[in-house]
Amino acid sequence: MNSPGKELIVRRQAALLEEERRKREIRERLPDAAALMDRISGIGHEIACVVSGRDAERLTQTISGIQADQKALRELLTAAGYPADYLDTPYTCKLCGDTGYIQGRKCQCFRELSARYAAMEAASTLPAASFGEFSLQYYPEGEIRRRMSSVLKACRNYAAHFSSRSPSLLFMGETGLGKTHLSLAIGGAVSGQGNRVCYQSAPELFRRHRQEQYSGSGADTLKQALSADLLILDDLGAETENQLNQSALYNLINTRLNGQRPVIISTNLSPQELERRFTSRIASRLLTLYKCVRFSGKDIRQIKLMEGGEQP
């Protein structure tokens, strides 16, 4: 895979090559512009000589002359139907000139590229699932299939319009009804838009966190889950019940709510079971601040097994 630094190098080289092409074009088509271009390009040596001689008055005159030439060149370009800045180097980022840095600090373009590459890397390890593979034929005809058709449409719409203002979702329903499939389909679409998506099963996430806490390794599994643009936490309620897990879950839910970072949580637990299983601070946030999405039907895995298909 490429990297943000390499992409910036490619951008800069492409911009410099395009600048040279444009200069050749203008020299061929506008002889008067070519003369001004020669005068402007040669002014650097003259300025250096003036500066070394410490002649302030001559320096002012030299700068005024180049400004006049630049103005005349822009007027010639626009009169010929070109943009006034046609001969400027066409950098993708005008702020840093595609170097990635401004006065030693990373430019916003570098940070955005880094985020996009991180999202691409995460997408490469995200379990594959798509909306197109989600079949409504496994749901009973009638009210249940109509309801699940609405759920599918809502998930597509959520992915298409995802932003930090998107609500967090709580997928609720019995096992084998497509909660994981649709959450991963959303994750794949959102990641494809350049967002950082973190997928974790609740048992594995809390197992790693517990191991890190006791080993003192310095690793921090929760950090990625806290910072991703979208966190998908699958199978909540299947993890071991203990105080450390409850504390880590509350930290995830509360921190991401406060930071406007959406979460999709899937669980086989009912609202009543959530209230019994978790602290009131956790259950109340899940049931009131998350948008609940109900899944209905029969276990699709069992249906596929009976049909002789492979278990998903």
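FYI, side chains are in, hydrogens and waters are out, and symmetry mates aren't considered; it's all heavy atoms of this structure. Quantities reported herein were computed from a predicted structural model and do not represent experimental measurements.
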Practice task
State plainly whether the residues E18 and R22 are in salt-bridge range, i.e. N to O under 4.0 Å.
Solution key: yes
Handout entry: Expected output: side-chain D234 to main-chain T180 donor-acceptor under 3.5 Å
Key =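 No: the side chain of D234 does not pair with the backbone of T180.
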Handout entry: Reference residue D229; test salt bridge (charged side-chain N to carboxylate O under 4.0 Å, His left out); the match among R256, R196, R165
Key = R196
Problem - L8 side chain near T99 side chain, heavy-atom distance below 4.5 Å - result: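 A side-chain contact is absent here, since even the closest heavy-atom pair is not under 4.5 Å.
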Handout entry: Heavy-atom side-chain proximity of K23 to E19 below 4.5 angstrom
Key = yes
Exercise for the section: Treat each ILVMFWY residue as a node, draw an edge where side-chain heavy atoms are under 4.5 Å apart, and state whether L113 and Y101 are in one component. Expected result: yes
Practice task
Test salt bridge (charged side-chain N to carboxylate O under 4.0 Å, His left out) on E204 and R207 and set out the steps.
Solution key: CA-CA 5 Å; E204 179 63 14; R207 184 195 66 77; 2.7 Å; yes
Exercise for the section: Mind checking salt bridge (Lys or Arg N to Asp or Glu O under 4.0 Å) for E20 and listing every partner two or more places apart, or none if nothing turns up? Expected result: none
Completion exercise
Going by chain and number, the hydrophobic cluster around F278 (ILVMFWY, side chain to side chain under 4.5 Å) further includes L170, M172, L205, F206, L222, L226, L231, L233, L236, L249, Y250, L252, I253, L257, V263, I265, L269, L274, I282, L286, L287, L289, Y290
Practice task
Ignoring hydrogens and angles, state whether a donor on the side chain of Y82 or R74 is under 3.5 Å from an acceptor on the partner side chain.
Solution key: no
Practice task
Kindly assign one of parallel, tilted or perpendicular to the pair H181 and F134, based on the angle between their ring planes and the thresholds 30° and 60°.
Solution key: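 Ring orientation, 0 to 90° scale: tilted.
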Problem - Cation-aromatic face contact K106/F110, 6.0 Å, 45 degrees - result: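 The answer is yes, since K106 meets both limits relative to F110.
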